[in-house]
There are 2 protein chains.
Amino acid sequence: MATGRTHRPATRSRGIPEATVARLPLYLRALTALSERSVPTVSSEELAAAAGVNSAKLRKDFSYLGSYGTRGVGYDVEYLVYQISRELGLTQDWPVVIVGIGNLGAALANYGGFASRGFRVAALIDADPAMAGKPVAGLPVKHTDELEAIISDNGVSIGVIATPAGAAQQVCDRLVAAGVTSILNFAPTVLSVPEGVDVRKVDLSIELQILAFHEQRKAGEDAAQESAAQESAAPAPAVSGGADRRKGPDGDVPAVMPA
Amino acid sequence: MATGRTHRPATRSRGIPEATVARLPLYLRALTALSERSVPTVSSEELAAAAGVNSAKLRKDFSYLGSYGTRGVGYDVEYLVYQISRELGLTQDWPVVIVGIGNLGAALANYGGFASRGFRVAALIDADPAMAGKPVAGLPVKHTDELEAIISDNGVSIGVIATPAGAAQQVCDRLVAAGVTSILNFAPTVLSVPEGVDVRKVDLSIELQILAFHEQRKAGEDAAQESAAQESAAPAPAVSGGADRRKGPDGDVPAVMPA
DNA sequence: TTATGTGAATCCCTTCACAGCC
DNA sequence: GGCTGTGAAGGGATTCACATAA
């Protein structure tokens, strides 16, 4: 792929926007539920509600996949399930390894959502020799020494890292060297990987921090002055001997927006 | 432009873009690491590298908070740590409850990242009477019956849902009724909540599915025809008696990139 | 000279609104 | 009539590039 600009703006082969890809699993889950209730067809409106998005967005998303609906009727549930599964690559088997079998790793190993959608846990790997052989979620934990062999024997291309932060980069390097090209990282670290390797990050505490931000704002609507008061308690910047030169986004005046 | 639903421009009280808010925890983590190494100042370039973003983006992000840097020098680490913490609301104490103490709930309860950043686990709650009283991460698990009392006694405004999908909405309703206004949802369901309640969703299997999509594309570069072959095996759409009217994004012609 | 802070340009995503087909 | 599929408009976010300040 040529990094270059698209000489064909329309009709790009597989030009599915990243934002759309991220929503396909949502649609798939909603569709699977409908399928289990033997619902034959669904409208964009209904499906969008079930997936928690709006219908225009959903139709636009599906338009990148092709014209899989019927005007005046809606979408055939089974057919869409198949098409989205195929698009996501879930019609094939993906062996994954989970490295780091602490609380989180064990939770992941037991998580039903993995196995149910084309993912197969090929092995659980931990650095602690005491863990070796112990069964977790029905699988015996393997020692890190076997990592490379497991990956090549099973053709693993997706690895899940659930180790402490300190071990994550090292594990990542070994996974990549052994042939893994996609990594789901639960460790609170930025991983550096060579070009061509995908990393997705799930960070539990970051999500909470984002919630706290919004929560604070809700509370702050009543007492908008509070944060200004807090700011006065800030440690002075060490650099450039100290006149109070810090300025908030709205200066020091009360931050009231003209609606 | 009539039909305007949003009476509020939404998400603009302090004017910090949502995308920026989502990155502040990343910066904060990188800064904390620098702080622990007693690094006094850092440039946007260095900090951006540590956080895994590019420096222009970082500077733009910080510009929404205020002018906290020094031209020609960089940012004072301690000062920035404080400012970002304050902006995120981490200078105050946030009691949280975790509902659903299975593998994942236990993992969350043990997760150090929570306690370390202004979050305090006020209680662990589970519906299983057999769990009640059992210690997890040093806290005795409480029964769901006590949910409302725990929330009001502790002034909990943030709840974490780690129950099975089937129980999630019900738990959510009770949390909200009891006064919780921010929810971090690990259950694979779309929660419906009243206006004013924030929900963030973490879905482990969705992340894997997104990885699988990209992984498939990597593999497909060698054998681009394969997916066309698979498409022929698709179940025919049930709707509208059967002529082969399905069309992929490029019709039926082989989807080969000019590349 | 160095590195921040920020208008301006660009890119991407979302939403609108309606043409097209059932 | 109903609902999909999609150009076009609109809004955000990212990136560029340079004026600005230490």
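By convention in this document, chain letters (A, B, ...) are assigned in the order of the sequence lines, proteins followed by strands, and residues within each chain are numbered from 1. Values below: all heavy atoms of this structure, side chains included; hydrogens, waters and symmetry mates excluded.
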request  = Check every strand shown and say whether A:Phe62 touches a base, only sugar-phosphate, or nothing at a heavy-atom separation below 4.0 Å.
outcome  = nothing
inquiry  = Under 4.0 Å, counting only non-hydrogen atoms across every strand here, what does B:Glu45 touch: a base, just sugar-phosphate, or nothing?
reply    = nothing
task = Could you give me the CA-CA distance, side-chain angles and deciding distance for B:Tyr79 and B:Tyr68, then say whether ring-ring contact (aromatic ring centres under 6.0 Å, His included) is met?
result = CA-CA 8 Å; B:Tyr79 186 59; B:Tyr68 292 147; 5.6 Å; yes
If the cut-off is 4.0 Å, is [X] near the phosphate of [N], judged by side-chain N/O to OP1 or OP2?
| X | N | value |
| --- | --- | --- |
| A:Asn54 | C:dT15 | yes |
| A:Tyr64 | C:dC13 | no |
| B:Ser44 | C:dT4 | yes |
| A:Arg23 | C:dT14 | yes |
| B:Thr70 | C:dT4 | no |
| B:Lys57 | D:dT15 | yes |
| A:Arg71 | C:dC18 | no |

Rounded to whole angstrom units, what separation is found between the [atom1] atom of [X] and the [atom2] atom of [N]?
| X | N | atom1 | atom2 | value |
| --- | --- | --- | --- | --- |
| A:Tyr68 | C:dC21 | OH | P | 19 Å |
| A:Leu58 | C:dT15 | CG | P | 12 Å |
| B:Ile16 | D:dA13 | CD1 | C1' | 15 Å |
| A:Leu47 | D:dG2 | CG | C1' | 17 Å |
| A:Asp76 | D:dT4 | CG | P | 13 Å |
| B:Glu18 | C:dC13 | CD | P | 17 Å |
| A:Arg59 | D:dG2 | CZ | C1' | 12 Å |

query = Just wondering, are more than 12 heavy atoms of other shown residues or ligands nearer than 6.0 Å to CD in A:Gln169?
reply = yes
message = Does A:Glu18, at its CD atom, have more than 12 non-hydrogen atoms belonging to other residues, nucleotides or ligands within less than 6.0 Å?
response = yes
inquiry  = Within the structure provided, determine whether B:Glu46 and B:Val39 are in side-chain contact (heavy-atom separation under 4.5 Å).
reply    = no
message = If you define the side chain from C-beta out and look only at heavy atoms, does anything of A:Cys172 sit under 4.5 Å from A:Asn185?
response = no
message = Please compare A:Lys60 and B:Asp61 by the position of their nearest nucleotide in DNA chain C and report the one closer to 5'.
response = B:Asp61
remark   = Side-chain atoms of A:Ser63 come closest, of D:dA13, C:dT4, D:dT6, to D:dT6
